[in-house]
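Right, one structure below, let's go through it.
Protein chains get the first letters and strands the later ones, always in sequence-line order, with residue 1 at the start of each.
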Protein chains: 2
Amino acid sequence: MSINLKKLSEELGLSQTTVSRALNGYPEVKEATRLRVQQAADKFGYRPNSRAKGLATGRAMMIGHVIPSSTQHEMVNPVFGDFVGGASEAYARYGYDMMFTRVQDDTEESAYRELLAKRAVDGVILQGPSVNDPRIHLLNELGLPFVVHGRSTGVTEGYSWVDVNNKRSFERATEFLIDLGHRRIALINGLEQMDFAQRRRDGYLSALKARGIDVDPSLMRADEMTEVFGHHQTRDMLRMEKPPTAILASSMISAIGVRRAIEEAGLTMGRDISVITHDDDLSYLKNGQDVPIFTATRSSVRKAGEIVAEMLIERIHNPGQAPLSRMLEAELVLGRSTGPAPQGK
Amino acid sequence: MSINLKKLSEELGLSQTTVSRALNGYPEVKEATRLRVQQAADKFGYRPNSRAKGLATGRAMMIGHVIPSSTQHEMVNPVFGDFVGGASEAYARYGYDMMFTRVQDDTEESAYRELLAKRAVDGVILQGPSVNDPRIHLLNELGLPFVVHGRSTGVTEGYSWVDVNNKRSFERATEFLIDLGHRRIALINGLEQMDFAQRRRDGYLSALKARGIDVDPSLMRADEMTEVFGHHQTRDMLRMEKPPTAILASSMISAIGVRRAIEEAGLTMGRDISVITHDDDLSYLKNGQDVPIFTATRSSVRKAGEIVAEMLIERIHNPGQAPLSRMLEAELVLGRSTGPAPQGK
DNA sequence: TTGAAAGCGTTACCAT
DNA sequence: ATGGTAACGCTTTCAA
């Protein structure tokens, strides 16, 4: 059996109380004692049992992330990794751990209830909110501290959120393509009920309208952002009478399918057609001659993860405080690369 | 305050003992009683407090994953998501939760010690082993149950592992390119000290040698599998006097950089050059005319995650049992697509 | 078939 | 500045 508080205190000839206090930095313990305790603890590699500590303090020091299996591909989405990477960074700073629970789609609601009932977490982060997301009401009702990454159009009650300005990002990306001379710009978007997808679409439409360009609904495709989806939609659009000359892809993963379809069609990227998408930090390309155009929001997502996590911890520490929110501008990098848009055809 | 065992038992006019037994399926409780207890529990939404339960049973019902921050980009790697997705599926089946701990690179060892000392997890999964990975000895020494995803060449002591046959996969991919007529095949590999990278390289070399093709070291590049890396190496190789006609990329992410560099160079994929990489399930492309060639190992990785998790749980339940191991063949899909390799040039 | 009570390893309150 | 002890919420042993 490993060392515990009782053994450690016996070893030191002190009470458990004093040892505990010394280790937790309580001011009333004599400095000499604290030092002695600290050294003994180090020597024996003592760490308080987290279950016991949690039971005694009532805090789990754990943040929950619930992943519906339909969003399974989300975990595969680099953006998910970026977000989680940022969040875990913040958790580590405050001594929190991060827990993932995978649930069947129809069990998501009970998953939150259980997390709370089991007292397994001190709070949760809500990822990928849909329009009118019912989970927000549920969590408010449960009184489980949470912060949403993104927003949920239609929800009227208060909630804390951190979001990237998706609308503005896609507006700018679209404007950029228009500036390059493109007129037939396709949008490969995420599932329509996802809040971010709506905002991105709004940005796209807003840019087109501002420039007086007709919106062609057949150039707007929305579904789960898989590679297959990107491929099929692009293939179909390239077979149209007037195919798009540029494609704005809502996800790095679906963009892979987009590019595959372009390859298959025998077209050359950047000459016959332009693709613009979320991407890694591509500043390394900036000085290149034939730099592809792109938006770089991945680093913004990472930062969002950090901010969401901090906000959540803040809310856990100060329960009952009014909802907070924070809007982030995406770090956009729009490079010129594709030359003028293909004419006519 | 939420419902707990005490309140529930008072509500029922039974002892905590009986209620606990009823809920945990002990045989000695009368069926009528069990039913009554079960209904009341459902009604009040009672769930045992996981900290208290863990403290009483000595089991955390939690599996740990330690992520060194240098491997941070790993989380962004789709393969990481696939693996974790598979693992969490298995965890859920057995009632385990999944915990991530992010650590500074130099703190990784103490992270495991702490996880054990705090009794925060029942076992851990070791991901991304290097050659001669010191963590294996550490975990054996600590007696913390673990299973390695991958193997570690050079480690002589026993350990449980699940691995995909990386060597054979890359051997077959290389053979396939050779069959298409390619002679100058580049390998964009992961960090040399990673065990999987060595095995992949071995497979690549083995195929070249079997066909009597000279190995050109300048066509072999190895580093962290980022997009930037894939881009830079490809750009450099394309500027060589005798550039490669095919590129075998060890990661989907670096392959994105590879393709970017090819675009920049004004080359057309599948005509001027072929790229083959790990990828999603691309069976959807099978019937296409200009199907790109590829290997599909992502589904294998997912399955590996599931198997690793099951093996770990098995080991947690039966401590002291001899190490187990399991080798998986990657589900390879090698489609013909690129036509003959570019001649001369 | 049921119950009382002793743990599990902490923290925190109340004394001293 | 230190110690005794209750409490946290559950499981499990021992009795009945």
Side-chain angles (χ1 to χ4, degrees), chain A residues 1-38 40-41 44-62 95 97 114-122, chain B residues 1-38 40-41 44-62 95 97 114-122:
Chain A
M1 258 311 155
S2 67
I3 184 93
N4 58 18
L5 186 61
K6 189 174 176 191
K7 284 193 218 147
L8 183 63
S9 59
E10 281 166 2
E11 201 75 39
L12 283 159
L14 288 169
S15 74
Q16 299 188 30
T17 311
T18 303
V19 176
S20 173
R21 278 199 276 241
L23 260 21
N24 286 303
Y26 280 65
E28 62 258 38
V29 52
K30 188 163 58 177
E31 206 44 43
T33 310
R34 185 197 307 288
L35 210 68
R36 203 160 63 88
V37 169
Q38 193 59 261
F44 292 108
Y46 168 76
R47 299 285 155 177
N49 178 308
S50 57
R51 319 255 131 204
K53 186 164 187 163
L55 187 56
T57 58
R59 335 185 96 258
M61 296 311 283
M62 181 82 75
D97 285 311
E114 243 173 76
L115 239 34
L116 178 68
K118 285 170 31 178
R119 312 240 140 230
V121 299
D122 298 319
Chain B
M1 259 311 152
S2 68
I3 185 92
N4 58 19
L5 186 61
K6 190 174 174 193
K7 283 192 220 149
L8 183 63
S9 60
E10 280 166 2
E11 200 74 39
L12 283 159
L14 287 169
S15 72
Q16 299 188 31
T17 314
T18 303
V19 176
S20 171
R21 278 198 278 239
L23 259 22
N24 287 303
Y26 280 65
E28 63 261 37
V29 52
K30 189 163 56 177
E31 206 44 42
T33 311
R34 186 195 307 288
L35 210 67
R36 202 160 65 89
V37 170
Q38 193 59 261
F44 291 108
Y46 168 75
R47 299 285 156 176
N49 177 309
S50 57
R51 319 257 132 202
K53 185 162 188 164
L55 187 56
T57 58
R59 330 182 101 262
M61 296 310 283
M62 181 83 74
D97 285 311
E114 243 174 76
L115 239 33
L116 178 68
K118 286 168 32 177
R119 312 241 137 223
V121 300
D122 299 318

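Between the CG atom of A/Leu5 and the P atom of C/dT11 there is a distance of 7 Å, rounded to whole Å. The distance from atom CG of B/Leu12 to atom C1' of C/dG3 is 15 Å, rounded to the nearest whole Å. For the pair B/Arg36 CZ and C/dT1 C1', the computed distance is 13 Å after rounding to whole Å. Protein atom CG of B/Leu8 is 15 Å distant from nucleotide atom C1' of D/dT11, rounded to whole Å. The separation between B/Glu10 atom CD and D/dG9 atom C1' is 13 Å, rounded to whole Å. Whole-Å rounding puts the A/Arg119 CZ to D/dG9 P distance at 8 Å. The distance from atom CG of B/Leu23 to atom P of D/dC10 is 10 Å, rounded to the nearest whole Å.
Nearest-nucleotide mapping onto DNA chain D: of B/Arg51 and B/Tyr26, the residue sitting toward the 5' end is B/Arg51.
Rounded to the nearest 0.5 Å, atoms NZ (B/Lys30) and CZ (B/Arg21) are 14.0 Å apart. Once rounded to the nearest 0.5 Å, the distance linking CD of B/Glu31 with CD of B/Gln38 reads 10.0 Å.
A donor-acceptor distance shorter than 3.5 angstrom exists from the side chain of B/Asp122 to the backbone of B/Met61, with no hydrogens or angles considered. Not a single donor-acceptor pair under 3.5 Å links the side chain of B/Ser9 to the backbone N or O of B/Val19. Checking side-chain atoms of B/Arg34 against main-chain N and O of B/Tyr26 turns up a donor-acceptor pair under 3.5 Å.
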All N/O contacts under 3.5 Å from nucleotides 2-5 of chain D to the protein, with atom names and distances to one decimal?
{"from": "D/dT2", "atom 1": "OP1", "to": "A/Thr33", "atom 2": "OG1", "distance (Å)": "2.9"}
{"from": "D/dT2", "atom 1": "OP2", "to": "A/Lys30", "atom 2": "N", "distance (Å)": "3.2"}
{"from": "D/dT2", "atom 1": "OP2", "to": "A/Thr33", "atom 2": "OG1", "distance (Å)": "3.2"}
{"from": "D/dG3", "atom 1": "OP2", "to": "A/Ser15", "atom 2": "N", "distance (Å)": "2.9"}
{"from": "D/dG3", "atom 1": "OP2", "to": "A/Ser15", "atom 2": "OG", "distance (Å)": "3.2"}
{"from": "D/dG3", "atom 1": "OP2", "to": "A/Thr18", "atom 2": "OG1", "distance (Å)": "2.8"}
{"from": "D/dG3", "atom 1": "N7", "to": "A/Arg21", "atom 2": "NH2", "distance (Å)": "2.8"}
{"from": "D/dG3", "atom 1": "O6", "to": "A/Arg21", "atom 2": "NH1", "distance (Å)": "3.2"}
{"from": "D/dG3", "atom 1": "O6", "to": "A/Arg21", "atom 2": "NH2", "distance (Å)": "2.9"}
{"from": "D/dG4", "atom 1": "N7", "to": "A/Thr17", "atom 2": "OG1", "distance (Å)": "3.2"}
{"from": "D/dG4", "atom 1": "O6", "to": "A/Thr17", "atom 2": "OG1", "distance (Å)": "2.8"}
{"from": "D/dT5", "atom 1": "O4", "to": "A/Thr17", "atom 2": "OG1", "distance (Å)": "3.4"}

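Pairs engaging residues 49-58 of chain B under the salt bridge (Lys or Arg N to Asp or Glu O under 4.0 Å) rule: none recorded [sequence neighbours left out].
Remark: B/Lys53 is in phosphate contact with D/dT11, judged by side-chain N or O atoms under 4.0 Å from OP1 or OP2. For the OP1/OP2 pair of D/dT11 and a distance below 4.0 Å, the side-chain nitrogens and oxygens of B/Asn24 include at least one atom meeting the criterion. The phosphate of C/dG9 (OP1 or OP2) has no side-chain N or O of A/Tyr46 nearer than 4.0 angstrom.
Checked against D/dC8, C/dT10, D/dT11, the side chain of A/Leu55 finds its nearest nucleotide in D/dC8. Of all nucleotides listed (C/dG9, D/dG9, C/dT11), D/dG9 comes nearest to the side chain of B/Asn49.
Taking 4.5 Å as the limit, every side-chain heavy atom of A/Ile3 sits out of range of all side-chain heavy atoms of A/Glu11. Put simply, the side chain of B/Leu23 reaches to within 4.5 Å of the side chain of B/Tyr46, judged on heavy atoms.
Using five terminal pairs a side, the axes of the helix from C/dT1-D/dA16 to C/dT16-D/dA1 at its two ends make an angle of 40°, given in steps of 10 degrees.
Of all non-hydrogen atoms in A/Val29 and A/Ala22, the two that sit nearest each other are CG1-CA, 3.9 Å.
Contacts of A/Arg47 with the nucleic acid, taken as non-hydrogen atoms under 4.0 Å apart, involve only primed sugar atoms and P, OP1 or OP2.
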